[in-house]
Every structure is written in structure tokens, then in C-alpha cells.
**Q** 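Pasting in a structure now, in C-alpha cells, and then I'll have a few things to ask.
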Amino acid sequence: MNEIITAVLLVLGSLFSFVAALGMLRLPDTVIRMHAATKAGTLGAGLILIGEAFFYAELGIALRALAAIAFLLLTAPVAAHLIGRAAYYSGVKLWQKTWIDQLAERYISGGYSDPDHK
Amino acid sequence: MDRSMSLTWLISRIIVYTVTWWVLTKGAGDSWPVGIPAVLAAIYIDFNLFRPENTGWSLGGLIAFVLFFLKSSVYSGIDVVRRVYDPRLPLDPAMVEYPLRLTSSAARNLFICTVSLLPGTLSTAIEGHKLVIHALDVGRPVVHELNIIENRVAAVFKHPVLINNFKTGESKK
């Protein structure tokens, strides 16, 4: 039974990790790629770690897996934020279909006003 | 901050970092010559990065937050899978400025990190009291979802009830 759970978790984890990598190739700009890397990447690695903990069914290993997951959850968004921030401030070109939001108009009228939007 | 507060802060940090080291090294006794300086360094960095604040926190709020986070985190991964595999690449991204309602830095940090791991949103930059968020799909009620996350974070830190500063159920375009 444990082995089935382990297998399912490992396969699911690999699938999410694969999607994170595929997203890097398919998605159109830096910031959008960071979505795939943080969300799918963290979930993939997390599932693999949980699978490992299930396989060994040992308190020490489970605690280390949990610690590793905690560190992943703490570091992945920070890394994504810094890369996104660097891209944002250095003026890396966004995908041409990106809406550039105007705060005032959005919250008052709920409208977008980017004339360059295609 | 009074003396008993700072003592509580110090003791809680010592416990957290010592236990973390102990778990990571499988409790190996001969690792402590490295472990003790590492724990001290962690406490020093912690103190300098996040000045101890008078923020309380609630266990119920934390449990509710963790459950909400795990559920949304899985949904967030599936959402990415769906978008990446779809040959049409269903994206309608936007840069959105979101005025932060949380005031304490601990709560803000938690909110900003959570935003990046939940479906369709990534915190990109912080400009004063505004968070610049990149959203994958503006067809979703992004601002409403951010409101919900922020309220959950507020509940963890016993923040006073936040008042929505914009319309919910926003309309698209």
C-alpha cells in the first residue's frame, strides 16, 4: 500500500516538475515563466519529498522532508520575486498581450486603458 | 518592546533554529561545533531582517491559513499544467498594482510570498505601500482573490478587520 502511495506521489511530482520545465520553454516572457517555475516547481518537488517520506515511513526522514518543503516554500517565492523585480525595473519587455494596469482607473471604473494593447 | 517580550522572542528563535539544525543533522552530536554558530548567525540575521514587533498570532488563524494554502497550492499547480499543455496557450496577463492593507512587516512578508504561490498571481515588485502583481489571467477576479488571501493572513496575525478598499466582483475590461 505504501509503495502505491509513494509511486503515485513520485509520478505526480515528476509531472509537475516536468511542466515547470516545459513552461520555461513554452511561455512567452520572463515573468510568466516565473509562474510556472514557482508554482509547478514547488508543488512537484514537494510531492516527491512527501513520496520519499511515505516510502521510508521514518520520523527522522519525514521531519527532514518537511523541513525541506518548508525551505522550498520560503525560498521559491522570494527567488521568483527578485527575478520578477529585476525584470520589472530593468525594463525587460513583457509579452505584447500584457495589460498594463492603471491603478486609478481600475479601482474606480474597473476599466483598462492601455492603448497599446493588441 | 519591553524586556519580557524580547526574552520571549529570543527563546522562541533559539528553540526554532536549534530544532531545525537538530532535525537536519539527524541529531548528530559532533555537528554542534558548526551548528551553534549557525544558530547564532540565524538569530542575528533574523533580528536584523525582521525587527521583533508586537504582533500576536492566533493558532486557529494559522491552521485555517495552512489548510487554505495547501488546497490553493495544489490548484495553482494544476492551473499551470492546464495553461502550459493547452496548445492555444490561454493567457491574458496583466500587471496590477495592489494597495497593501496589512501594516506589520511580518504579515506583509507572508502575504507577498503567498501571493506568488497561489493560482495566477506573482508578486513582482513593492513600491511603497503598493504591491505590483503580475496576473496570468485578468478574466479571473484577481483583486477579489487577493482580498481573500490578505484577510486570511490578517487572521493569522490578529490584525484588525480589513476594509475592502475597492469594489469586489470586479468586471473584466
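Below, chain A is the first sequence line, B the second, and so on; all start at residue 1.
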**Q** Checking A/Arg26 against B/Leu89 for the side chain to side chain contact (heavy atoms under 4.5 Å, CB included) test, could you report, in this order, the C-alpha distance in whole Å, the side-chain angles of both residues, the deciding distance, and whether it holds?
**A** CA-CA 9 Å; A/Arg26 275 210 80 196; B/Leu89 215 58; 3.7 Å; yes
**Q** Are A/Phe71 and B/Val23 connected in a single hydrophobic cluster, I mean Ile/Leu/Val/Met/Phe/Trp/Tyr linked by side-chain heavy atoms less than 4.5 Å apart?
**A**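 No; A/Phe71 is not reachable from B/Val23 via cluster members.
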**Q** Checking side chain to side chain contact (heavy atoms under 4.5 Å, CB included) against A/Leu22, which of B/Val80, B/Val84, B/Val81 comes through?
**A** B/Val84
**Q** With the side chain counted from C-beta on, respond yes when B/Leu122 and A/Ile32 share a heavy-atom pair under 4.5 Å apart, and no when they do not.
**A**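 They are not in side-chain contact.
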**Q** Give the member of B/Asn109, B/Thr121, B/Val115 that has the highest number of heavy-atom pairs under 4.5 Å with chain A.
**A**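 Sorted descending by pairs with chain A, the first entry is B/Thr121.
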**Q** Are B/Ser116 and A/Val78 packed together at the side-chain level, in the sense that at least one heavy-atom pair is separated by less than 4.5 angstrom?
**A**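 The answer is no, as the side chains (C-beta and beyond) never meet within the 4.5 Å cut-off.
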**Q** Can you tell me how far apart CZ (B/Phe69) and CG (A/Leu73) are? Round to the nearest 0.5 Å.
**A**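 These two atoms lie 4.5 Å from each other.
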**Q** Can you confirm whether more than 12 heavy atoms, excluding those of A/Tyr56, are under 6.0 Å from its OH atom?
**A**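 12 or below, so no.
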**Q** In terms of heavy-atom proximity below 4.5 Å to chain A, should B/Ser123 be classed as side chain, backbone, both, or neither?
**A**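 B/Ser123 touches chain A through backbone and side-chain heavy atoms alike.
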**Q** Could you measure the distance from the OH atom of A/Tyr88 to the NE2 atom of B/His134? Nearest 0.5 Å is fine.
**A**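 If I round to the nearest 0.5 Å, the distance is 11.0 Å.
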**Q** Between B/Tyr85 and A/Val19, which heavy-atom pair has the shortest distance, and what is it?
**A** CE1-CG2, 3.5 Å
**Q** May I have the step-by-step check of side chain to side chain contact (heavy atoms under 4.5 Å, CB included) for A/Val31 and B/Met95, ending in yes or no?
**A** CA-CA 10 Å; A/Val31 193; B/Met95 279 289 184; 4.3 Å; yes
**Q** Is chain B contacted by the side chain of A/Leu15, its backbone, both, or neither, given a heavy-atom distance below 4.5 Å?
**A** side chain
**Q** About how many Å separate CG of A/Leu43 and CG of B/Asp79, when rounded to the nearest 0.5 Å?
**A**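 Answer for the CG-CG pair, B/Asp79 versus A/Leu43, is 11.5 Å.
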**Q** By a 4.5 Å heavy-atom criterion (distance strictly below it), what part of B/Thr114 contacts chain A: side chain, backbone, both, or neither?
**A**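 For B/Thr114, no heavy atom lies under 4.5 Å from chain A.
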**Q** Is there a path of hydrophobic side-chain contacts, each under 4.5 Å between heavy atoms of I, L, V, M, F, W or Y residues, that connects A/Ile69 with A/Leu74?
**A**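 No, A/Ile69 and A/Leu74 fall in different hydrophobic clusters.
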**Q** How about B/Ile126 and A/His81: do any of their side-chain heavy atoms sit closer than 4.5 Å?
**A** yes
**Q** Is there a side chain to side chain contact (heavy atoms under 4.5 Å, CB included) between B/Arg83 and A/His35 once you walk through the steps?
**A** CA-CA 11 Å; B/Arg83 288 179 200 280; A/His35 280 273; over 6 Å; no
**Q** Kindly check if the number of other-residue, nucleotide or ligand heavy atoms within 6.0 Å of CH2 (B/Trp22) is above 12?
**A** no
**Q** Counting only heavy atoms closer than 4.5 Å, note whether A/Ala36 contacts chain B via side chain, backbone, both or neither.
**A** both
**Q** Under 4.5 Å heavy-atom distance to chain B, tell me which part of A/Thr38 shows up: side chain, backbone, both or neither.
**A**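 A/Thr38 touches chain B through backbone and side-chain heavy atoms alike.
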**Q** Should we count CZ of B/Phe65 as having more than 12 external heavy atoms under 6.0 Å?
**A** yes
**Q** Does B/Leu59 belong to the same Ile/Leu/Val/Met/Phe/Trp/Tyr cluster as B/Val156, with side-chain heavy atoms less than 4.5 Å apart forming each link?
**A** yes
**Q** Quick one, A/Leu63 with B/Leu24, criterion side chain to side chain contact (heavy atoms under 4.5 Å, CB included). Give me CA distance, side-chain angles, the key distance, then yes/no.
**A** CA-CA 8 Å; A/Leu63 282 177; B/Leu24 289 178; over 6 Å; no
**Q** Between B/Lys26 and A/Gly60 (side chain of the first, backbone of the second, donor and acceptor by atom type, cut-off under 3.5 Å), is there such a pair?
**A** no
**Q** Nearest 0.5 Å, what's the OG1-CE distance between B/Thr124 and A/Met34?
**A** 10.0 Å
**Q** Please classify the contact between B/Val132 and chain A as side chain, backbone, both or neither, with a heavy-atom cut-off of under 4.5 Å.
**A**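 Side chain only.
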**Q** Any chain of hydrophobic side-chain contacts (each under 4.5 Å) joining B/Tyr75 to B/Ile149?
**A** no
**Q** Do B/Val74 and A/Leu47 belong to the same hydrophobic cluster, where Ile, Leu, Val, Met, Phe, Trp and Tyr are linked whenever their side-chain heavy atoms lie under 4.5 Å apart, directly or via other members?
**A**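 Same hydrophobic cluster.
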